[in-house]
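Data block below; observations after.
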2 protein chains.
Amino acid sequence: MVRQRGYAATSVEDICADAGVTKGAFFHHFASKEALAVAAADAWTDVAAVRIFTLPDWVRLSDPLQRLIAHVDFRLSMMEGAAADFTCFVGTMVQEAYATSEAIRTACDASISAYCARLAEDIAAAIDAHPPRIPIEPLALAHHIQAVLQGAFILAKTKGEPSAARESVQHLQTYIALLFGRGETNEQDDFRQPAGH
Amino acid sequence: MVRQRGYAATSVEDICADAGVTKGAFFHHFASKEALAVAAADAWTDVAAVRIFTLPDWVRLSDPLQRLIAHVDFRLSMMEGAAADFTCFVGTMVQEAYATSEAIRTACDASISAYCARLAEDIAAAIDAHPPRIPIEPLALAHHIQAVLQGAFILAKTKGEPSAARESVQHLQTYIALLFGRGETNEQDDFRQPAGH
DNA sequence: GCCATCATACCGACTGGTTGGTATGTATCA
DNA sequence: TGATACATACCAACCAGTCGGTATGATGGC
């Protein structure tokens, strides 16, 4: 429901009605709407970890670069149908709550940070196994992948349809291929380093 | 205010108080809160176009690839301080309203589409002037750039601080450099210029 | 086996406050 | 004189959260 209407627009009563639970029962188990949001973000972290890093077959590929590529392929393959069905609950919620609820922001940060940290492991291993043409910071690339996905979700919501979102992820695929020197055997490495002032 | 608290959490009365206007005056000029949202998205389109495509000095660079690179540098240079000050109003609002208000979704789509179309012009010219190592669809790359920016905004909100967002945009810079085969052609070695206003 | 005690789980009516929007009155100006 | 531009008071709906009360089940003394 949050992925469809947003956090503020989803009332506790809506949630209760959908869950087949009374408001009294709800407030018996959760101190506030905010507490549910935090619990839901935590639960999302666990569910997403299983769905993305445990269940798929490709997570058992031996080559970490193949796993990384399969990971992005997998995320792309999820982008079809209604946006509310494939977008990120945590990313949606944090946009509304980051400035008003530190508890929610922290829970969403934990969720995204856990995802990026896990992804950075494979990236680090991929760098070891297949030295890229330019130096890569694993966590920074994980952040970039996360950003492309979150941004693609916004595109899908905006367009009402996921083709632009998919185009964006396809460019991410191209980037990873270029980084790890697939397709072209180009020897010069005078690429400018990302400049961080 | 929407960039800070979100659309639903921003009341008409809040907006009126901030603008020094009474509620009566507001509803004299706008039929509804939704009508204001649409008008604000339209206004955002115009303001952003001027700020990004007219005012900066680098828009008058002759080489379209230099303009494209300066563009991304410029967007990166804006990512500092509080997230509410540099994030995208339209991208924030559409996430909450895309499923509940077709009028708002359409206005936000028009804003983002106008930005991408304009960016795609420079990309198309850059492709002509500096044939890339792999085929590029101008509008698709524009979508990708837009996605990275929107995703970076989410990262900044989540982390409470924009360094991860900047890392992501720096990867976008690297991608563009790789795409256009920097070093491969006989181009000048540094077409960056200090971004500012 | 039986009852008193108590904690947990839950219900649903209610409350104080907020919200988008309206109805009505008034000042200004062409 | 009439249209425009407001201001003020107000309303019905809604919302998060509370509160008094009930059902259930575990514990323990006798």
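No hydrogens, no waters, no symmetry mates; every other heavy atom, side chains included, goes into these values.
By the 4.0 Å N-to-carboxylate-O rule, A:Arg105 lies close enough to A:Asp109 to be salt-bridged with it.
Rounded to a whole Å, the CD1 atom of B:Ile15 is 15 Å from the C1' atom of C:dT18. Regarding A:Arg5, its CZ atom lies at a distance of 14 Å from the C1' atom of D:dC15, rounded to whole Å. Summarising the geometry, the separation between CD on A:Glu13 and C1' on C:dC11 is reported as 13 Å, rounded to the nearest angstrom. Put simply, CZ on B:Phe26 is 14 Å from C1' on C:dT22, counting in whole angstrom units. Taking atom CG of residue B:Asp14 and atom P of nucleotide C:dT18, one finds them 10 Å apart after rounding to whole Å. Atom C1' of nucleotide C:dT8 and atom CZ of A:Phe30 are separated by 16 Å, given to the nearest angstrom.
Here D:dA7 is the nucleotide among D:dA16, D:dA7, C:dC11 with the atom lying nearest to any side-chain atom of B:Ala25. Among D:dA16, C:dA9, D:dA7, the nucleotide with an atom closest to any side-chain atom of A:Ser11 is D:dA16. Residue B:His28 places its side chain closer to D:dT4 than to any other of C:dC10, D:dT4, D:dA16. Relative to the side chain of A:Lys23, the nucleotides D:dA16, C:dT19, D:dC6 differ in distance, and D:dA16 lies closest. Residue B:Phe27 has its side chain nearest to C:dG20 when only D:dG17, C:dC10, C:dG20 are considered.
Map A:Val12 and A:Gly24 each onto its nearest nucleotide of DNA chain D; the residue landing nearer the 5' end is A:Val12.
For D:dA5, neither phosphate oxygen OP1 nor OP2 lies less than 4.0 angstrom from any side-chain nitrogen or oxygen of B:His29.
In this structure, the side chains of A:Leu141 and B:Glu167 stay at 4.5 Å or more apart for every pair of heavy atoms.
Judged by distance alone, the side chains of B:Lys33 and B:Ser11 never bring a donor and an acceptor atom under 3.5 Å apart.
Aromatic rings of B:Tyr175 and A:His144 (six-membered ring for Trp) have centroids beyond the 6.0 Å cut-off, not under it.
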